[in-house]
Amino acid sequence: MKVAYYPGCSLHATAKEYDQSVKAVSAALGIELKELDDWACCGATAAHSTNFKLSVALPARDLISAEKDALDVMVPCAACFNRFKSTQHHLDHDDELKKEVEKIVGKPYTGSVAIRNPIDIIANDIGLDTLKSRVKKPLKGLKPVAYYGCLLLRPPEVCNFDDYENPVLLDKMMAALGAEPKQWSYKTDCCGGSLSISRAEIVIKMVDKLMTMAREADANCIAVACPLCMANLDFRASAGVRLPVYYFTELVGIALGLQGGRDWLKLHNIDSVSLVSGLGLV
Amino acid sequence: MTQFLQEVNDRINGVPIQRCFHCRKCTAGCPLATEMEFNPNKVIRMVQMGMKDEVLNSSTIWLCASCETCVTRCPNDVDIARMMDTLRQMSIEKGLSVPQKKILALHNAFLTSIKMFGRINEPIMLAHYKLLSKDYFSDLAMGLGMFLKGKITPFGPRTRNMAAVRKIFKETKHS
Ligand code: SF4
Ligand code: SF4
């Protein structure tokens with residue numbers, strides 16, 4: 001299958017290893033990615049907190065550009081995913097706003113392409129059975145908790161992705177890779193998001209709680225799908241409670257036996273190499 | 001008093017917040033409630049009561065992390081997250097002195113980066129944030145760590161059609 005690819009700012013910077021592992025896994029699973037032409041930032045929390053129209057117009061320009069190719073758009077960053085889904089929701093439900101935004105962007109919006117995150121594409125288009133059949137190194141001994149966070153799921157009528165209080169797709173994917181996902185009640189709790197820079201002390205409390213709860217669930221690592229969750233867990237958690245954190249695509253890549261696994265993990269702050277090398281996976 | 005409520009409802013453009021029957025489910029699930037000056041359901045009540053100055057000057061509206069837990073769980077579909085966005089926007093438009101200056105400084109530094117490059121240029125954005133917030137010394141180690149790992153660089157690719165990006169900023173600017 002072929003999809004358009006919107007990396008967003010994080011995947012070119014703090015989440016480089018997410019970008020690299022998404023690309024490697026997509027190539028291995030036969031998902032062709034075409035990077036969206038001349039994309040701009042989605043505006044993130046900064047735009048929707050301060051200026052509603054700006055928060056719709058910025059993603060709208062990228063959405064309209066994607067419609068040219070008539071390809072669905074893969075958006076790995078949960079924060080960008082949420083902004084795109086929310087923009088579509090507003091444009092589909094508010095005609096006046098749609099007209100105004102079309103005037104600003106200078107082109108019509110047709111709402112003809114779907115915004116998809118890679119968990120959805122791998123689980124629903126490629127299929128977990130196919131994924132399982134492709135595993136070369138089962139992740140035996142890896143006990144992740146799947147952490148979905150806020151922005152893939154909420155609000156549910158906008159995101160349209162998995163059960164919003166008890167999502168399971170990432171857990172199922174981890175099981176398909178041979179890992180032993182642990183159940184916990186914090187799958188969809190918030191990591192503090194962009195308060196990480198402006199109010200770090202609050203975010204430290206939030207991620208320490210997540211790490212502590214993951215340990216209580218007997219997990220030895222955390223699997224994430226969001227650069228913001230990764231940055232907060234990986235850089236903000238206190239020394240006594242840390243667990244290694246992995247982008248789920250890194251774990252898929254390692255299980256498929258792809259090259260580059262160790263290089264992705266070296267970019268993390270908390271040591272994430274020892275666990276998987278101790279299990280003989282990289 | 002009704003004017004404030006009306007204005008907030010108009011801007012939310014969805015379920016009127018009078019639908020709230022104060023079950024406090026939103027507050028029970030709010031991850032930031034313990035840090036807030038007023039709980040989310042209390043803010044709703046204050047808007048209903050027309051307490052405009054108290055609401056627009058409160059730190060609560062800036063501490064909301066937009067996790068959307070409240071609106072997801074509200075039995076009446078009251079969009080509290082959107083209300084928080086709206087209240088922040090009203091406070092900016094009125095030029096009020098924001099109690100959580102560092103939070104707003106980060107938003108402004110972020111948007112300036114988009115206006116300049118179309119994308120976020122982390123080192124420049126963070127340097128700008130430090131100037132705006134006067135928070136010069138926190139997180140230098142974290143930034144340096146990311147820099148040494150080659151994660152952040154001032155030379156990342158930029159958007160080519162900056163005229164289109166600037167046009168968006170210009171035409172969405174509130175008067
Ligand atoms: S959950 Fe909804 S109805 Fe209940 S207090 Fe909050 S806003 Fe009001
Ligand atoms: S969106 Fe804001 S008010 Fe609502 S639960 Fe999250 S932090 Fe609390």
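The chains referred to below are lettered A, B, ... by the order of the sequence lines, with proteins before strands, and numbering in each begins at 1.
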**Message:** So for F52(A), is it side chain, backbone, both, or neither that comes closer than 4.5 Å to the heavy atoms of chain B?
**Reply:** both
**Item:** Segment of H90(A) engaging chain B (4.5 angstrom heavy-atom cut-off)
**Value:**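 For H90(A), side-chain heavy atoms alone lie under 4.5 Å from chain B.
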What part of [X] gets closer than 4.5 Å to chain A, counting heavy atoms only: side chain, backbone, both or neither?
{"X": "F117(B)", "value": "neither"}
{"X": "R82(B)", "value": "side chain"}
{"X": "L87(B)", "value": "neither"}
{"X": "N13(B)", "value": "side chain"}
{"X": "L106(B)", "value": "side chain"}
{"X": "T69(B)", "value": "both"}

I'd like to check [X] versus [Y] (side-chain heavy atoms, cut-off strictly below 4.5 Å). Are they in contact?
{"X": "I197(A)", "Y": "L126(B)", "answer": "yes"}
{"X": "F110(B)", "Y": "C41(A)", "answer": "yes"}
{"X": "L54(A)", "Y": "L111(B)", "answer": "yes"}
{"X": "E68(B)", "Y": "L153(A)", "answer": "no"}

Where is the tightest heavy-atom contact between [X] and [Y], given as atom of each residue plus distance?
{"X": "G43(A)", "Y": "I114(B)", "result": "CA-CD1, 3.8 Å"}
{"X": "T72(B)", "Y": "P155(A)", "result": "OG1-CA, 3.9 Å"}
{"X": "N51(A)", "Y": "T172(B)", "result": "ND2-O, 3.1 Å"}
{"X": "L195(A)", "Y": "W62(B)", "result": "CD2-O, 4.4 Å"}
{"X": "C67(B)", "Y": "R154(A)", "result": "O-NE, 2.8 Å"}
{"X": "A46(A)", "Y": "H107(B)", "result": "CA-ND1, 3.4 Å"}

**Asked** Can you pull out the residues in residues 94-102 of chain A with any heavy atom less than 4.5 Å from chain B?
**Response**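 The stretch touches chain B at D94(A).
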**Prompt:** Between V165(B), V71(B), N161(B), which shows the greatest number of heavy-atom pairs under 4.5 Å with chain A?
**Reply:** N161(B)
Answer yes or no: is there a donor N or O on one side and an acceptor on the other, between the side chain of [X] and the main chain of [Y], under 3.5 Å?
{"X": "D85(B)", "Y": "T50(A)", "value": "no"}
{"X": "K167(B)", "Y": "I104(A)", "value": "yes"}
{"X": "Q89(B)", "Y": "H48(A)", "value": "yes"}

Could you measure the distance from the [atom1] atom of [X] to the [atom2] atom of [Y]? Nearest 0.5 Å is fine.
{"X": "S10(A)", "Y": "R119(B)", "atom1": "OG", "atom2": "CZ", "value": "12.5 Å"}
{"X": "S49(A)", "Y": "M84(B)", "atom1": "OG", "atom2": "CE", "value": "11.5 Å"}
{"X": "T159(B)", "Y": "W39(A)", "atom1": "OG1", "atom2": "CH2", "value": "6.5 Å"}

**Request:** Assess whether atom OH of Y109(A) is packed by more than 12 heavy atoms of other residues, nucleotides or ligands within 6.0 Å.
**Result:**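 Atom OH in Y109(A) is crowded, with more than 12 foreign heavy atoms closer than 6.0 Å.
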**Item:** Crowding at NZ, K187(A) (>12 non-hydrogen neighbours, <6.0 Å)
**Value:**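 Count over threshold, so yes.
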**Item:** Ionic contact status for E165(A) with R73(B), cut-off 4.0 Å
**Value:** yes
**Message:** Does this structure show an ion pair linking D37(A) with R160(B), if we count only N-O contacts that are shorter than 4.0 Å?
**Reply:** yes
**Asked** What option among E157(A), H268(A), K103(A), H93(A) has the most heavy-atom pairs under 4.5 Å with chain B?
**Response**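 The option with the most such pairs is H268(A).
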**Request:** May I have all residue pairs that pass side chain to side chain donor-acceptor pair (under 3.5 Å) and include part of residues 192-207 of chain A, sequence neighbours excluded?
**Result:**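 Of all non-adjacent pairs touching residues 192-207 of chain A, those that pass side chain to side chain donor-acceptor pair (under 3.5 Å) are S196(A)-N232(A), S196(A)-R236(A), R199(A)-E201(A), R199(A)-Q100(B), K205(A)-E35(B).
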**Asked** Can H12(A) and I120(B) be said to form a side-chain contact (heavy atoms from CB on, under 4.5 Å), step by step?
**Response** CA-CA 10 Å; H12(A) 275 186; I120(B) 299 307; over 6 Å; no
